[in-house]
There are 2 protein chains.
Amino acid sequence: MSRNENSKNVTVIDVAKKAGVSKSTVSLVLTGSTKVSDKAKLKVEKAIDEIGYVYNRDAASLRSRKSNLVAIVINDLTNPYSAQLAVGLEIQIRQMGLFSMLVNSGESVETQTSLVRHLKEYNVAAFIICPAPNTSAEWVNNLVKQGFPVVHIMREVAGANVATVLPDNFAGTKLATQHLLTKGYKKIAFIGGNESISDYHQRLSGYTEAMTLAEVPFSRKLCVQSNTNRNGGRSAMEEVLEIAADIEAVVCFSDVIAYGAIEQIRASGKQPGKDIAVVGFDDLADSRLMSPALTTIHVDANQIAIAVCQILMNIKDGNKNKILVGIDLMERESS
Amino acid sequence: MSRNENSKNVTVIDVAKKAGVSKSTVSLVLTGSTKVSDKAKLKVEKAIDEIGYVYNRDAASLRSRKSNLVAIVINDLTNPYSAQLAVGLEIQIRQMGLFSMLVNSGESVETQTSLVRHLKEYNVAAFIICPAPNTSAEWVNNLVKQGFPVVHIMREVAGANVATVLPDNFAGTKLATQHLLTKGYKKIAFIGGNESISDYHQRLSGYTEAMTLAEVPFSRKLCVQSNTNRNGGRSAMEEVLEIAADIEAVVCFSDVIAYGAIEQIRASGKQPGKDIAVVGFDDLADSRLMSPALTTIHVDANQIAIAVCQILMNIKDGNKNKILVGIDLMERESS
DNA sequence: TCATGAAATTGGAACGTTCCAAAAGCTATA
DNA sequence: TATAGCTTTTGGAACGTTCCAATTTCATGA
């Protein structure tokens, strides 16, 4: 698409003429150089305002081979936690003086591949990716080999040689489970999520660890997998209730799963939070507003965003570490 | 940020050498020209693969003064409906052979202004904007005057001379209210939303129109404003219950408001859907999964996205129309 | 075989910026 | 006043693409 059919653009040269300096001086002002006199700077800024000049980043990044565009590739924007994370990342990136470009892969590797291919053409400086399921390590490593700074968030890709920032899933569910144990519950199930999600194992292990440490017996049958939406929570909870009508508490893979579980508990005629305790994972905004307010593991999206940005700043150090972001237990009415 | 410190980039010239043609021919292949022989095309494509060439859009759009980047400026990505809309727009835009850049204004005019200023530098071809509250018509008109195709979605800015696509809010709440009236309910409240949101008046009018047409008396006191989150729904519902304990049904400004209302109804010891009917607006994915499943006005995000894209295709015709996207009643358990 | 015209290919200029090395302008000191 | 050393300014080249006008190639028909 073209915007203005024929009209000439206003360029640095026009600004230079207006301000009575050279185009090089204008460029120095635009790039915020310190080696330009205040007098010249003022003249240029005045000229820019008067003449309605718009900086052309295409030309700039073509010539300078630099870019301040950071691509954020999100797995699923319709997932509330992902959206929250995207917003946090955007704000942090802007604070670094960079600009972000947000795209959504919709959990499809094909879309993700296509998006990244295009984004490379747009000369992005770095990629922040929440990898779609089945993302290949080879693909990621190739991207890195091409010289792009890459940071993965929320999910790990086995064998991928990239920095990764994710919540301490293991500690999270362990803490959640221990909270329930402390409250005196013994019959505790773990519901929701499934093995195709990279963090499932970590969250499940947190639960089993806590149960084992407390020497409370538990059955693998009470670890019911499901898809990750609200319906998944309902059906997993339904299954648990069928297997063990006397269940006392459930640790949920995520808040969304917990929402479904709560509905199913209600549907079965029991009261969530009273008859059966429920703990979630994520701490979505809704979780403290709902009723009963959901006890959950808080994962601070801003903290993740900050960690990502710190890595981006120092990516040249070849930082390929895994950073675990701390979690907190938010104790509320549902447990 | 810079990616590769010193290494030379692979350019069309390298491709040309490898393929044994001129750079002009390579360019013709890249831009999909029909006036290049199949033989040359194959040679070029082979060379591109072998040499690992990446198209440089900065150079291309600098020279051609064209761009296929469309900016989507969303008011609040953490709002589930906005997120759904953003995803729909992204897909439609990609299908048009364009590329979208998603940014979030967070309902702040200042952020919105800053984002748009930057996006202009990135040479975007068009703006799709869900305007933040207090967006000035002058600002928008100025953007249009600068030659940028602009389409507003979901919200109108009074006095702004731009094409706007939004759901038929009036018809929506009218239909919702008539549905409740048909079911025999008489004491019907309208809750949630507030006058700072451009579509509030339209939705409120739909309700009053239906009540008036049916000659069912109603009190302005039962039209309770609130902020737009779940808590707003709770407090508005609480107020309604205080004023009129015998309320039979509520039309909600949005699904999120309805979620809050349902919780408050429960908290008051009544059963949503049985004792008090609830109707929402938006039809979020969760609304059909929750319990009771929410009766609501369905607004098809894809239809909005398609309408926006149609306008973008024909923007040169100076299309400044307002397009109302049709709505549907989804009758479920809550009414 | 040659002339004709259409189709395909081509090299050089241009897009608007930054980089570079060189020039000019300053200030302080002898 | 001359000089050295520093700060500020500057014109031309370069980034990688597309556009344009000109040239070459090809197919056709006489």
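Just so it is clear: chains get the letters A, B, ... in the order the sequence lines come, proteins before strands, and each one is counted from 1. These figures come from a predicted structure and were not determined experimentally.
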Atom [atom1] of [X] and atom [atom2] of [N]: how far apart are they, to the nearest Å?
X: Asp14(B); N: dC15(D); atom1: CG; atom2: C1'; value: 13 Å
X: Asn56(B); N: dC15(C); atom1: CG; atom2: P; value: 18 Å
X: Lys43(B); N: dA8(C); atom1: NZ; atom2: C1'; value: 12 Å
X: Lys17(B); N: dG16(D); atom1: NZ; atom2: C1'; value: 13 Å
X: Leu30(B); N: dG16(D); atom1: CG; atom2: C1'; value: 11 Å
X: Asn68(A); N: dT18(C); atom1: CG; atom2: P; value: 12 Å
X: Asp38(B); N: dA7(C); atom1: CG; atom2: P; value: 15 Å
X: Leu62(A); N: dA14(C); atom1: CG; atom2: C1'; value: 12 Å

(Q) I'd like to know if the side chain of Asn141(B) reaches the main chain of Ala160(B), judged simply by a donor and an acceptor atom lying under 3.5 Å from each other, with no hydrogens or angles considered. (A) no

**Q.** Short side-chain to backbone donor-acceptor contact, Thr25(B) and Val21(B), under 3.5 Å
**A.** no

Touch class at under 4.0 angstrom, heavy-atom based, for [X] against every strand present:
X: Ser61(A); answer: nothing
X: Ser37(B); answer: sugar-phosphate
X: Ser27(B); answer: base

Does a side-chain N or O of [X] approach OP1 or OP2 of [N] to a distance below 4.0 Å, or not?
X: Lys35(A); N: dC19(C); value: no
X: Arg65(B); N: dT17(D); value: no
X: Lys66(A); N: dC19(C); value: yes
X: Ser24(A); N: dG11(D); value: no
X: Asn9(A); N: dC15(C); value: no
X: Ser64(A); N: dT18(C); value: no

Q) Taking for each residue the nucleotide of DNA chain D bearing the nearest heavy atom, is the 5' side occupied by Lys39(B) or by Asp58(B)? A) Asp58(B)

Q) When you check the side-chain N and O atoms of Asn56(A) and Thr11(A), is any donor under 3.5 Å from an acceptor? A) no

Q: Give a yes or no on whether a donor-acceptor pair under 3.5 Å exists between the nucleobase atoms of dT18(D), that is its base, and the side chain of Arg63(B).
A: yes

(Q) Checking contacts here: which listed nucleotide (dT17(D), dT18(D), dT10(D)) is nearest the side-chain heavy atoms of Thr25(A)? (A)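 Among the listed nucleotides, the one closest to the side chain of Thr25(A) is dT10(D).
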
Q: Using a strict cut-off of less than 4.0 Å between a Lys/Arg side-chain nitrogen and an Asp/Glu carboxylate oxygen, indicate whether Arg117(B) and Glu110(B) qualify as a salt bridge.
A: no

Q: Could you pick out which residue, Ala59(B) or Leu28(B), lies toward the 5' side of DNA chain C when each is mapped onto its nearest nucleotide?
A: Leu28(B)

Q. Which residue lies toward the 5' end of DNA chain C, Lys23(A) or Val21(B), if each is placed at its nearest nucleotide?
A.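 Result: Val21(B).
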
Q) Can you check whether Leu119(B) reaches Val103(B) side chain to side chain, under 4.5 Å on heavy atoms? A)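 Yes; the side chains approach each other to less than 4.5 Å.
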
**Q.** Side chain proximity check, Val54(A) to Glu121(B), heavy atoms < 4.5 angstrom
**A.**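 Answer yes - side chains close enough.
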
